Each structure stands twice: as structure tokens, then as C-alpha cells.
Amino acid sequence: MNEIFEAIKKASVEIQKIIDVGDTGKSENENSTGDTQLKLDIASDIVIEKIFATIPSIKAIVSEEQEAIVPLNEDGEYLIAYDPLDGSSLVDVNLSVGSIYGIYKNDFTAQNIIAAVYVVFGPRVEMVVAADNCVKMYRLFNNSFEYIQDITLNEKGTITATGSTQMCWPDHHRILVNKMFKDGYYLRYSGGMVPDLHQILLKGGGLFSYPGTTDKPKGKLRQLFEVFPFALTYEFAGGAASDGSKRALDVETTHIHDTTPCFFGSKDEINKVLEVYKENV
Ligand code: F6P
């Protein structure tokens with residue numbers, strides 16, 4: 001799988017250049033989830049696809065920015081689902097954004113994800129690789145990624161990050177969030193999934209939640225490109241991930257662009273979610 005990690009490093013160096021100087025305007029297209037694609041999304045997607053197309057071990061890829069699976073090498077072993085530039089609208093206001101990659105075998109289902117990578121483009125560029133039951137972080141220096149540290153979560157954290165608008169939260173979610181504030185949690189939410197989840201991982205723990213809402217009962221975040229890669233990362237870091245009633249990696253996928261409510265955190269916070277949701281749904 002090493003050649004895939006090297007390909008992601010190469011693509012990230014290119015994407016950083018696109019973020020630095022690229023046009024942050026809208027394109028005329030929408031992706032399959034109905035978001036207007038930015039020119040940055042499209043440019044990043046092209047970079048990744050071109051680089052992945054040169055790797056013989058990749059059987060097929062699917063991008064959050066594209067409608068369908070793209071076959072690459074019949075004899076390849078790996079399938080990759082990726083979000084080229086998650087939170088790209090934040091580039092305009094100079095907040096951090098990120099790329100997310102889920103590496104699967106056999107088919108694009110939670111049971112078959114075997115590794116995950118995300119890259120944060122912020123004041124620094126950092127790549128986090130979840131594979132073989134551990135999570136390792138690398139940082140970009142002069143076009144090359146150097147190992148910095150392993151990441152492990154504490155049993156309990158101090159941060160809570162929650163998506164959507166309170167107007168659309170179901171009551172049980174409001175109860176959960178209020179309980180966390182009463183218990184002393186700090187609110188930290190940038191609107192970029194990658195930096196928000198990265199912060200929780202590096203600060204030792206906490207909770208990121210994107211619940212099912214009145215306008216999006218199945219949540220907003222996409223299973224293959226966002227939820228499963230981070231669920232694997234949190235589990236390998238010693239935390240947990242759920243859809244509010246079961247393990248996130250037990251969620252079934254019926255379509256490549258399916259979404260699900262999702263919760264990622266230290267074990268203590270995920271137990272809290274399960275408890276509050278069970279008592280109040
Ligand atoms: O996937 C898109 C995304 O921008 C995530 O990066 C982020 O966590 C979420 O949407 C923010 O959504 P909302 O503005 O509804 O909280």
C-alpha cells in the first residue's frame with residue numbers, strides 16, 4: 001500500500017499549490033450531493049485522479065466530486081474513495097481544509113475499509129495515515145513529508161464540535177449538546193470536517209457530531225468519502241465512531257454517495273452519545 005501513500009503525498013504537494021494560487025470561485029457544476037463545485041474542487045480532483053491512474057495496485061477509484069466509480073487496473077488490489085478538497089469554501093476565508101481518502105478491498109463497504117488517510121491544509125500541511133491498527137502523522141517540509149508522531153486518543157476529552165444549525169437538530173441532539181456544555185466542554189467548530197476532527201485527535205479527545213437533522217434525516221456527511229475513513233482513524237487511535245445507535249463501521253451502504261448521521265470521539269463521549277440518544281429518541 002506504500003505506493004498509494006506516496007501517491008497521496010505527491011498529490012498533496014500539488015493541491016497545496018492549487019490552494020495557494022487557485023481561483024476560489026464557483027464552477028457551473030453541482031456534485032451528486034447537490035453542492036456547487038468550486039473550481040478548486042475540480043482542479044484537486046483532476047490532480048488526484050491523474051496520479052492514481054499511474055499506480056498499478058489501484059483497481060478503481062470514486063471521487064466525492066464524481067457521479068460514478070472509475071475503473072483503473074483490472075488486476076489492482078485496492079479501491080479508493082476520496083474527497084479531494086473537503087470544506088473547500090473555507091479557502092476563501094483562509095481557514096483550514098483537507099483531503100480524505102478511504103482505502104477499501106473487494107467493494108466499497110464499511111466492512112472492507114482497511115486504511116485511511118487525510119491531509120490537512122492549514123498553517124502547516126499534515127498527513128495522517130491510519131493503517132495496521134495505528135495512526136501516524138507526517139508534516140510537509142520542503143516538498144517532503146516527515147514523520148512527526150503517533151496519535152492516540154485519551155479516554156475522555158474537553159472539546160465538542162457539532163454540525164448543522166440548532167434549528168434543525170432533533171431534541172435528543174439538543175439534550176446531548178446541552179449536557180456536554182453543562183459538563184464543561186468547549187465548543188470548537190470551524191465547519192471543516194478535516195481540521196475539526198484533526199483538532200480533536202491532537203488535543204487528546206472530545207466529540208465531533210453531525211446528527212440526522214429535520215432537513216437531512218440521514219445526515220450530511222458521506223459514508224465512503226468522509227465517515228468510514230474517519231471512523232477507522234478514530235478506532236485505530238483508541239477512540240470510537242457511531243451513527244447514534246451502532247458502530248459507524250457497521251453502517252450499510254446501498255449507494256456510493258450515501259450519507260449517515262455520525263459521531264467520532266474518545267470512548268467516553270461516544271458512550272455518552274449512545275446513552276443520551278437511547279434514552280431520548
Ligand atoms: O462535507 C462538507 C462539510 O463542509 C464538512 O467539512 C463540515 O463538517 C460540514 O460540511 C459542515 O456542515 P454545516 O455547515 O452544515 O455544519
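Whatever order the structure lists ligands and atoms in, that order sets their numbers, starting from 1. The figures that follow rest on heavy atoms only: side chains count, while hydrogens, waters and symmetry mates do not. Just so it is clear, the model here is predicted, and its values are computed rather than measured.
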Using a strict 4.0 Å cut-off to heavy atoms of Glu226, name the atoms of ligand 1 that fall inside it. 1 (O), 2 (C)
Hey, which atoms in ligand 1 end up nearer than 4.0 Å to a heavy atom of Ser164? 13 (P), 15 (O), 16 (O)
For Ser144, give me all partners under side chain to side chain donor-acceptor pair (under 3.5 Å), at least two apart in sequence or on another chain. none
Flag the pair Lys9 and Glu6 as a salt bridge only when some basic side-chain nitrogen lies within less than 4.0 angstrom of an acidic carboxylate oxygen. yes
Count the heavy atoms of every other residue, nucleotide or ligand shown that sit under 6.0 Å from OH of Tyr186, and state whether that count exceeds 12. no
Could you pull out the closest heavy-atom pair between Phe225 and His257, with the gap in Å? CE1-ND1, 3.5 Å
For Gly163, the ligand 1 atoms whose distance to one of its heavy atoms is below 4.0 Å: 16 (O)
Within a radius of less than 6.0 Å around CZ of Arg124, do more than 12 heavy atoms belonging to other residues, nucleotides or ligands occur? no
Counting from 1, what ligand 1 atoms have a heavy atom of Gly192 closer than 4.0 Å? 6 (O)
When you measure from atom 15 (O) of ligand 1 to every protein heavy atom, which one gives the shortest distance, and what is it? Tyr210 OH, 2.6 Å
Got more than 12 heavy atoms from elsewhere within 6.0 Å of CD, Glu146? yes
A quick test of your reading: do over 12 heavy atoms of other residues, nucleotides or ligands sit less than 6.0 Å from CG of Asn94? no
More than 12 heavy atoms from other groups under 6.0 Å of CG on Asn280: yes
Among all protein heavy atoms in this structure, tell me which lies nearest to atom 4 (O) of ligand 1, with the distance rounded to 0.1 Å. Gly191 O, 3.5 Å
Can you tell me the protein heavy atom closest to atom 6 (O) of ligand 1 and the distance? Asp86 OD2, 2.5 Å
Answer side chain, backbone, both or neither: which part of Phe225 comes under 4.0 Å from ligand 1, heavy atoms only. neither
With ring centroids as reference points, do Tyr277 and Phe263 lie under 6.0 angstrom apart? yes
Which atoms from ligand 1 have a heavy atom of Phe208 less than 4.0 Å away? 8 (O)
Using a strict cut-off of 4.0 Å, indicate which atoms of ligand 1 neighbour a heavy atom of Met193. 5 (C), 6 (O), 7 (C), 8 (O)
For atom 3 (C) of ligand 1, find the nearest protein heavy atom and state the residue, atom name and distance (0.1 Å precision). Lys220 NZ, 4.0 Å
Ligand 1 to Arg222, heavy atom cutoff 4.0 Å, flagged ligand atoms 1 (O), 2 (C)
What protein heavy atom sits nearest atom 16 (O) of ligand 1, and how far off is it? Tyr189 OH, 2.5 Å
Would you check whether Leu221 has a nitrogen or oxygen atom less than 3.5 angstrom from a nitrogen or oxygen atom of ligand 1? no
